Each structure stands twice: as structure tokens, then as C-alpha cells.
Student: 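Here you go, one structure.
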Amino acid sequence: MNESRGLLPRAKFVSFEGIDGCGKSTLLDRLASELTERSIAYVRVREPGGTSIGEKVRQILLDPACSEMTGRAEVLLYSASRAQLISQVIAPAMEKGVWVLADRFVDATFAYQGFGRGFELERLKEIQKWATGGLIPDKTVLLDCDVELALARLGRRQGSNRDRIELEGEAFQRRVRNGYLALAGEEPERFLILDASRPLEEVAQQLRAQFWPQNP
Ligand code: TMP
């Protein structure tokens, strides 16, 4: 954690992933509070979205009325939002030594469009490489839990107000979950898998221990 680039401590790029309803945004709030307490500058972004163009793309992507959207259009729209976010927010922040906390990044495309929709992973990786210039997070926190638990949480939070992706249902979410676990298995150094079915305080403690092992 003490790498340096010139005089600036190297900013970390941390993404949070998991199936819908896993609770990643709540955990992201916790890491943000830890950074504030330690006077470490950060920006927080979400995908799709995070820029004014990206937020418009988000509306199209998540609108249940856009049910006729093709899978290829979906991949490209997520990638378009990401390209915009990197150029407008993520890259400038990292150049200034500011941490970036991202609510989803490329792994979401691999898990949802690759494992969920069945697009070939190698092709998606090529597209992502082009869209992102090869940027990948330093650390990816995967909040993992049963699909049943996540859907129950989602139901409590949103009632019947589901977006286009959440409406894909249980079998889809199951493929996405297994996809995330497979991705994490391929890159154990980058991924930190946390059990989202455990109490929040316990999970938050594991997260702190990852970033500040001496002083969690
Ligand atoms: P959110 O609900 O976590 O903000 O994410 C929006 C939805 O978009 C969520 O269902 C996951 C989905 N998604 C993809 O399918 N592919 C992607 O590349 C991203 C970033 C999100």
C-alpha cells in the first residue's frame, strides 16, 4: 500500500461488484468514510453513469421500455458510458493522486453480458480493452451472496420497481453470480471476495483489513 509515484502516493482504483441486491453500494459508502477519516482524497463513480453523458446512457440501458435492445447494443452502450467516465473522471482523478471508488467496472460487462447473456468473453475483453485503453482496477471487491438473498433485499428496497436488467430474473442472476466467481478465480490477486450474507460490520472490518492491515 505504500507505492509511490513521484511525491504523490499512488492513488488506488477500487471497483465494487456483485449481483443486484448484494449490498455493494453500502460497503462502498464504508470505504468512502474510511478514506475521509484518513484524509485521503477520493472520487466516487457509478456505472453505467458517472458523467452527464453516461447518466443519459444509463437511463436508456435500465429503462424497462427499452426491451427491444439487442445484446450487442447493450454491450456497446455500457462500454460507451465507461469510456466517457474514464476520460472525464477516472483518469484525471488518478493523475492527481485521487483514489477512485467505482460502483461496477469492466467485470460487470464480463459477468452480465458474458456469463449472463452468453457473449464470448474473449470478444468482450477485446472491446473493453479498446473502450478503456486497458485500464483495470487495482482491487475489485466482489460481494458474493445467494441469489435468493439478493433478490429478497432488492424486493425490500424497490418493491416491484425493477430496472431492465433486474427484470431478467433468477436464472440470469445465478449465471452472473457464477460468472463473477469464475472471474475472481482467474485473478485471485485483484479480487477480494466478501460474503455479503454476513453482518455489515463484519464485512466492513474485512474490507478495512485489506486496505489498512496494520490499523484496520
Ligand atoms: P447498478 O444497479 O449496480 O447501478 O447497475 C446497473 C445495472 O446494470 C445492474 O443490473 C448491472 C448492470 N450492468 C451490466 O449489465 N453490465 C455492465 O457493464 C454494468 C456496469 C452494469
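Numbering starts at 1 and runs along the sequence shown. All values below were derived from every heavy atom in this structure, side-chain atoms included, with hydrogens, water molecules and symmetry-related copies excluded. Order of listing sets the numbers, starting from 1, for every ligand and every atom in it. Just so it is clear, the structure is predicted and the values come from calculations on it, not from any experiment.
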Student: What pairs of residues pass the ring pair (Phe, Tyr, Trp, His ring centres under 6.0 Å) test when at least one of them lies in residues 12-34, not counting sequence neighbours?
Tutor: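 For residues 12-34: Phe13-Phe105.
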Student: Which salt bridge (Lys or Arg N to Asp or Glu O under 4.0 Å) pairs, counting each pair once, include a residue from residues 105-117, with sequence neighbours left out?
Tutor: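 Residue pairs with at least one partner in residues 105-117: Glu74-Arg117, Asp107-Arg190, Arg117-Glu168.
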Student: What short N/O contacts, under 3.5 Å, does ligand 1 make with the protein, listed by atom pair and distance?
Tutor:
from     : atom 1 : to     : atom 2 : distance (Å)
ligand 1 : 3 (O)  : Lys24  : NZ     : 2.8
ligand 1 : 3 (O)  : Arg104 : NE     : 2.7
ligand 1 : 3 (O)  : Arg104 : NH2    : 3.3
ligand 1 : 4 (O)  : Arg58  : NH1    : 3.2
ligand 1 : 4 (O)  : Arg58  : NH2    : 2.9
ligand 1 : 5 (O)  : Arg104 : NE     : 3.1
ligand 1 : 8 (O)  : Tyr78  : OH     : 2.8
ligand 1 : 10 (O) : Asp20  : OD1    : 2.7
ligand 1 : 10 (O) : Asp20  : OD2    : 3.2
ligand 1 : 13 (N) : Tyr78  : OH     : 3.3
ligand 1 : 15 (O) : Tyr78  : OH     : 3.4
ligand 1 : 15 (O) : Gln113 : NE2    : 3.0
ligand 1 : 16 (N) : Gln113 : OE1    : 2.8
ligand 1 : 18 (O) : Arg82  : NH2    : 3.0
ligand 1 : 18 (O) : Thr109 : N      : 3.3
ligand 1 : 18 (O) : Thr109 : OG1    : 2.6

Student: Going by an N to O cut-off under 4.0 Å, is there a salt bridge joining Asp20 and Arg164?
Tutor: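 Salt bridge between Asp20 and Arg164, a charged N being under 4.0 Å from a carboxylate O: no.
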Student: Considering the options Arg208, Glu202, Glu201, which one meets the side chain to side chain donor-acceptor pair (under 3.5 Å) requirement together with Gln205?
Tutor: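 Output: one option passes, namely Arg208.
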Student: Under the side-chain hydrogen bond (donor to acceptor under 3.5 Å, both in side chains) definition, can you give me all pairs with a residue in residues 126-138, not counting sequence neighbours?
Tutor: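 Listed by first then second residue: Arg10-Asp138, Ser79-Gln128, Arg82-Gln128.
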Student: Is the ring pair Tyr112/Phe172 parallel, tilted or perpendicular, if the boundaries are 30 and 60 degrees?
Tutor: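 Aromatic pair Tyr112/Phe172 classed tilted.
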